[in-house]
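Right, one structure below, let's go through it.
Below, all heavy atoms of this structure are taken into account, side chains as well, without hydrogens, waters or symmetry copies. Only a predicted model underlies this, so the values are computations on that prediction, with no experimental measurement involved. The sequence lines fix the lettering, A, B, ..., with proteins before strands; numbering per chain opens at 1.
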Amino acid sequence: MKRIAGMILLAFGLTGILWADSTLSINGAGATFPYPMYSKWFDEYHKKNPNLQINYQSIGSGGGIKQLTEGTVDFGASDLPMNDDQLKAYQEKHSIGILHFPTVLGAVVPTYNIPGVDAALNFTPEALAGIFLGKITKWNDPAMADANKGVKLPAQDIIVVHRAEASGTTFIWTDYLSKISDEWKNTVGAGPAPKWPVGLGGKGNEGVTGTVKNTPNSIGYVELIYAESNKIPYGTVKNASGVFVKPSLAAVSAAAAGAAKAMPDDFRVSITNAPGKDSYPISSFTWLLIPEKFSDAAKRDAIKGFVRWMLADGQNYAEGLSYAKLPKEVVAKEIKAIDKIQ
Amino acid sequence: MATTSKTVPGASPIPGARSFLSRLREGDEIARMITFLFAASVVLVTLLLVFELWRGSALPRHKFGFAFFRTSVWDPIFDQFGALPFIYGTLVTSITALLIAVPLGIGAAIFLAELAPARLSDTLEFFIDLLAAVPSVIYGLLGVFIVIPLMRLYIQPALKSTLGFLPLFQGPAYGVGFLTAGIVLAIMVIPYIISVSREVLLSVPRDQREAALSLGSTHWESTWKVVVPFARTGIMGSIFLALARALGETMAVTMVIGNTPIISASLFSPGYSIAAVIANEFTEATGDLYLQSLIELGLVLFLLTFILNGLARLLILVTSKRGSETALA
Amino acid sequence: MSARLRWRKFVSGFMLTMTGVCALVAVSVLCFILGYLVFHGGTSIGWNFFTKLPAPVGETGGGMANAILGSAKLLFLASLFGVPIGFFGAIYLAEFSGSTVAFIVRYAADLLNGVPSIVIGIFAYSMVVLPFKHFSTLAGGFALGLMMIPITLRSTEEFLRSVPNALREGAMALGASKWKTIATVIVPTAYRGILTAVLLAFARVAGETAPLLFTAFGNRFWSHRWNEPTASLPVMIFTYAISPYDDWHRQAWAAGLVLLGLILAINIVARAILSRGSAVPRS
């Protein structure tokens, strides 16, 4: 019996060792915002290139930036561009820089679970700021009721759900709140992991969606696809032009239109509260963070190949998953930027 | 054990005088050295772990000192880190767990040790040991899909309507929170209390019980007033063991506690524990102070469990010794 | 019978019944856990679960084949690392060492045993992940192996010590050197207990999740090298359970059933081995 067990173990071990074959594995980590998109992309790309595996773990934008800086992953992904301090830290550690490549556009939507309310509620900027500041505590508060005449809102406590970890989605949300609320800007501020005045923490977009889905009278903020695929209602937000816009691909693309024309070379830009009457105010690009130089030529070529594919065929998968395609101008600019990866 | 090597045949008549070379040739010295290396590696790796924890938390130790334990602000953006909410959460959930698990556990142990016939006792103990083997993440799974809805729909509202005047049971019924985590932890630590308490109760010498019964006490009185106090220190040991397990629990807690660093008198409130915050934030802690503050939390947790485990073993040892000494007397 | 005595007898009967209730509650929790897992997990286990890789997020179908293999590889590494150290260290403690060294080693093992698993994860991250600049199966195996060491060490030592001296002296009287005695007499005698110890240590770490979070990390595909991240059953259960997707929830239940089934099976086998009795009466 012992001998058989020993041989099985040996067989396992040998298989594992000998199986270190020609498959190239690339590891990435980061944002949960585009995770449904990326997991589809990497799956499809693997089908086209069976010898290449791109393993992406969604641990949040903060985690992506951190592990990229530590060098434990080959690329990162984030919904907030790395700020100058983080870029400098990376530069100091690795003597090269990071290139940002926008991949898709998405919307962060206010999603809620109010028993008996299926309609898309209208949220004013003041209402959103008030709820997340903890100032507006009941669903039937005038700030909500006035914008939603015709919907019977209950006199129940609002249960706020936010992200438990450092998140680019949080950054997009708080970036927007800081732009429309001075009180938010001065007390909490914009960032991936602010000190939330109220609320429960969920891990990843997935965790927030799950918590909202299971908690009556709750409200959270998640990327559009998470609310859609889990069939939980999400609301409209009043944009800078005073129009209540429902989050949609067209609205997100409208928000990006201005930025597309004035895209900086390093692709770091924020499009929250964008002008235009069709724009959805809480939209954002999301980026792949790729080092400028790769010591492993095979990895470098694999990543460059993927980015090229992503900008062409890959974009066709976006709308099926409720992400907006990149504007043409941005795509053209990125194709040129691929050559910067050495 | 070490002395028997000197009586190996082929030794010189003078004990200990076998030459190094002859021991070497016999292979004993090599065996001794090799096994020593393995044993020493255990010590080395443990020392290395403690050292890494200490070194890895140098920044916050110097910057915050003991204020780390008094501050409740955890703000990665402004580099302010205080451990109080996590220590609070860890302690509250563990104590809640004990409040539930200790009476149930000791009761069950009494049943198994005093009342149940030997075969039933052994079979039940077998099942209880299996309960101890269930991994934490499965408790978490059950917590998320069974306990949380139960709490939100039935238990929390029921507690609120009956005991809602106490600050302990106020606030909205989220489903997650300190109480939920406490309940899940209670289920996890009951097996430890039961199996250790049962053993120490069984080790109480028969004459103690019989003396009490011969003086006219009822079965319960002899158990509760004589046997249990005799095994008191061992039972305390089992409670410390259970506490140590509860403090270090990560997965089950992070799935049901709500992951919010706040300190609240209400058990319905969401909270955070040391292990849970490390699990959630470690991979993304940008900046050395942030990461090292998490490591310092790990060090704190380690010290807590270390002290408790040590006390537990001491107490259990004392009881079994007392048991055997008194029996011989 | 006086009223007081009747009362005391009543209290006695009542309290003792309560203790029975406590025992019943404790045991029924286990039965409930098992039953629930079997019910929910059983309906989700299928051929797909064991053979397919995870599907893209939000799509149904897909399985946990890579997580099953990943867990197997991690446990293999953990045993490779932890069992020899525990085993040979225990031989040292039982056969060779003096009491001071023995005390230090046992103390260190107890210390290591008490370290919360998340802290072991931190240690493995700084020892293996950072220097190699890779999340890897190696790092995960290292973390789990560390957790196997104390259990293996203490139990093996106890079983070695329980071998009666008569056997030792008999072997030596026949001219065997110390190491030969150990290898041919002592270890085979204690083998059942040692095997039990190893199996229990194995079952203990099979379900560990926290140390794998930042060592083995996770992988949507097969992990091809020891230096690559790998999926594992416990981490998949965690990730899927907190997600909002119903299909993932079903898979989490299935994985939970498989994992728990494995652990309970090992526990039962280990205890069965032990209770078959040792080869020699323990005196």
Point to revise | Under 4.5 Å from any heavy atom of chain B - which part of C:R8 | key: both
Point to revise | Contact origin within C:F32 toward chain B - heavy atom pairs under 4.5 Å | key: side chain
Review point. When only pairs under 4.5 Å are counted, which of C:I85, C:L112, C:V119 shares the most heavy-atom pairs with chain B?
Key: C:I85
Check your understanding: How would you list, in number order, the residues of residues 303-312 of chain B that have a heavy atom less than 4.5 Å from chain C?
Key -> B:T305, B:F306, B:N309
**Study point:** Residue C:A252 versus chain B: region with a heavy atom under 4.5 Å
**Key:** both
Study note, to complete from the structure: Which of C:Y125, C:F217, C:F123 passes ring pair (Phe, Tyr, Trp, His ring centres under 6.0 Å) with B:F282? It is C:Y125
Review point. Which bit of C:I242 comes within less than 4.5 Å of chain B, counting heavy atoms only: side chain, backbone, both or neither?
Key: side chain
Check your understanding: Are B:D28 and C:K180 close enough for a salt bridge, meaning some N to O gap below 4.0 Å?
Key -> no
Check your understanding: So which part of C:M18 gets closer than 4.5 Å to some heavy atom of chain B, the side chain, the backbone, both or neither?
Key -> neither
Point to revise | Part of C:P84 lying under 4.5 Å from any heavy atom of chain B | key: both
Check your understanding: So, B:R32 side chain and C:F96 main chain: donor-acceptor pair closer than 3.5 Å or not?
Key -> yes
Practice item. Quick one: which of B:I110, B:I128, B:L297, B:T250 has the most heavy-atom pairs under 4.5 Å with chain C, could you say? Key: B:T250
**Study point:** Closest heavy-atom pair and its distance - B:M255, C:A241
**Key:** CE-CB, 3.6 Å
Revision key, fill the gap. Note: vs chain B, highest number of non-hydrogen pairs under 4.5 angstrom among C:A102, C:P116, C:G86 is C:P116
**Study point:** Flag if over 12 foreign heavy atoms under 6.0 Å of CZ, B:F126
**Key:** yes
**Study point:** Closest non-hydrogen atom pair, B:L141 against C:W253
**Key:** CD2-CE3, 3.9 Å
Check your understanding: Counting heavy-atom pairs under 4.5 Å to chain B, which of C:V25, C:L213, C:D110, C:I120 comes out on top?
Key -> C:D110
Exercise for review: Please flag which part of C:Y36 lies under 4.5 Å from any non-hydrogen atom of chain B: side chain, backbone, both or neither.
Suggested key: side chain
**Study point:** Test side chain to side chain contact (heavy atoms under 4.5 Å, CB included) applied to B:I274 and C:I118, step by step
**Key:** CA-CA 10 Å; B:I274 295 179; C:I118 190 85; over 6 Å; no
Check your understanding: Relative to chain B, which segment of C:L146 carries a heavy atom at a distance below 4.5 Å: side chain, backbone, both, or neither?
Key -> side chain
Check your understanding: Of the backbone (N, CA, C, O) and the side chain (C-beta and beyond), which part of B:P103 lies under 4.5 Å from a heavy atom of chain C, both, or neither?
Key -> backbone
Revision key, fill the gap. In terms of heavy-atom contacts, C:T19 and B:W220 come closest through CG2-CZ3, 4.2 Å
